[in-house]
Amino acid sequence: QVQLVESGGGSVQAGGSLRLSCAASGYTYSIYNIGCWGWFRQAPGKEREGVATIYTAGGSTYYVDSVKGRFTISQDNAKKTLYLQVNRLKPEDTAMYYCAAGAWARCSRTGLGRPGDYNYWGQGTQVTVSS
């Protein structure tokens, strides 16, 4: 099992920045069996949306079009932490942000991950952007 805990959300004005973190803990074997990591977001009344994906093998990253050039996903393997740097925030970025992790066998091998690719989910961190 892997537990994921997000942090770093908050309330900012449009144009501001935040750094979201997702700390992983659990069985060492389970963590090293993670093949893909992702960030999703869900705004009130809307479906959960994939925002960014990073693949453990090779570090390839993928983003939804609406955040390209503004958001950056990265990971620190030593700290077992996933990050999402969010810059030039817009009011439409307001949502609960979730991190997710998927075992190798479950991950897609390319492209922005879908919810079904992930075994483990965090509880979310709220990002609110005011105009």
Side-chain angles (χ1 to χ4, degrees):
Q1 287 291 334
V2 176
Q3 292 78 45
L4 303 175
V5 178
E6 302 96 335
S7 61
S11 296
V12 297
Q13 290 189 329
S17 299
L18 290 170
R19 190 191 197 198
L20 309 185
S21 299
C22 172
S25 62
Y27 291 116
T28 300
Y29 173 80
S30 296
I31 292 175
Y32 283 99
N33 193 40
I34 298 300
C36 54
W37 302 83
W39 285 96
F40 287 75
R41 65 185 180 186
Q42 188 166 19
K46 294 187 177 181
E47 293 187 354
R48 188 169 294 193
E49 174 188 42
V51 175
T53 299
I54 184 167
Y55 290 95
T56 305
S60 299
T61 58
Y62 298 87
Y63 300 90
V64 67
D65 286 346
S66 60
V67 308
K68 286 180 180 177
R70 301 188 297 122
F71 290 13
T72 304
I73 187 172
S74 62
Q75 61 183 140
D76 184 328
N77 291 324
K79 295 182 178 179
K80 301 176 186 177
T81 302
L82 180 73
Y83 300 101
L84 186 69
Q85 179 68 40
V86 297
N87 298 327
R88 291 185 281 135
L89 282 161
K90 304 176 181 179
E92 51 263 43
D93 294 320
T94 295
M96 185 71 78
Y97 283 71
Y98 301 89
C99 68
W104 282 102
R106 193 158 176 162
C107 293
S108 301
R109 294 295 180 260
T110 187
L112 191 64
R114 299 162 296 179
D117 292 350
Y118 300 97
N119 305 72
Y120 310 107
W121 293 83
Q123 294 300 306
T125 186
Q126 178 68 37
V127 173
T128 303
V129 185
S130 58
S131 57

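From N77, atom CG reaches atom OH of Y32 across 7.0 Å, with rounding to the nearest 0.5 Å. The structure places CH2 of W37 at 12.0 Å from OG of S74, a figure rounded to the nearest 0.5 Å. We find the CD-SG distance between Q75 and C99 to be 12.0 Å, quoted to the nearest 0.5 Å. A distance of 9.0 Å separates OG in S11 from CG in L18, rounded to the nearest 0.5 Å.
Annotation: side chain of V129 is not in contact with side chain of E92 (no heavy-atom distance under 4.5 Å). Counting heavy atoms from C-beta on, the side chains of S66 and E49 come closer than 4.5 Å. For the pair L89/F71, a side-chain contact is recorded, criterion being any heavy-atom separation below 4.5 Å from C-beta on. For the pair S17/N87, a side-chain contact is recorded, criterion being any heavy-atom separation below 4.5 Å from C-beta on. Looking at L82 and W39, their side chains come closer than 4.5 Å, going by heavy atoms from C-beta outward.
Taking hydrophobic clusters as Ile, Leu, Val, Met, Phe, Trp and Tyr residues chained together by side-chain heavy-atom distances below 4.5 Å, M96 does not share a cluster with V67. Note on W121: it does not cluster hydrophobically with L4, by side-chain heavy-atom contacts below 4.5 Å among ILVMFWY residues. Connection of Y118 to L20 is not established within any shared hydrophobic cluster, with ILVMFWY side chains joined at heavy-atom distances below 4.5 Å, either directly or through further cluster members. In this structure, L112 is a member of the same hydrophobic cluster as V51, with clusters built from ILVMFWY side-chain heavy atoms closer than 4.5 Å. Note on V86: it does not cluster hydrophobically with F40, by side-chain heavy-atom contacts below 4.5 Å among ILVMFWY residues.
Formation of a donor-acceptor pair under 3.5 Å by the S30 side chain with backbone atoms of Q1 is found in this model. In this structure, the side chain of S21 does not engage the main chain of G8 through any donor-acceptor pair within 3.5 Å.
Y55 and T110 share no side-chain donor-acceptor pair at under 3.5 Å.
Within the structure, ring-ring contact (aromatic ring centres under 6.0 Å, His included) pairs that include any residue of residues 81-108 do not occur (at least two apart or interchain).
The heavy-atom pair separating R41 from A95 by the smallest distance is CB-CB, 3.8 Å. T81 approaches A23 most closely through the heavy-atom pair OG1-CA, 4.2 Å. The minimum heavy-atom distance between A14 and S131, with the atom names listed, is CB-CA, 4.3 Å. Taking all atoms of both residues into account, the shortest heavy-atom contact from G59 to I54 is O-CG1, 3.9 Å. The heavy-atom pair separating G9 from V127 by the smallest distance is CA-CG2, 4.2 Å. Residues Q123 and E6 approach most closely at N-OE1, 3.0 Å, considering heavy atoms.
In summary, D65 and K68 engage in a salt bridge, as defined by a charged side-chain N under 4.0 Å from a carboxylate O.
The side-chain contact (heavy atoms from CB on, under 4.5 Å) test applied to T72 returns Y63, Q85, not counting sequence neighbours.
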- Message: Quick one, R114 with D117, criterion salt bridge (Lys or Arg N to Asp or Glu O under 4.0 Å). Give me CA distance, side-chain angles, the key distance, then yes/no.
- Response: CA-CA 6 Å; R114 299 162 296 179; D117 292 350; 3.8 Å; yes
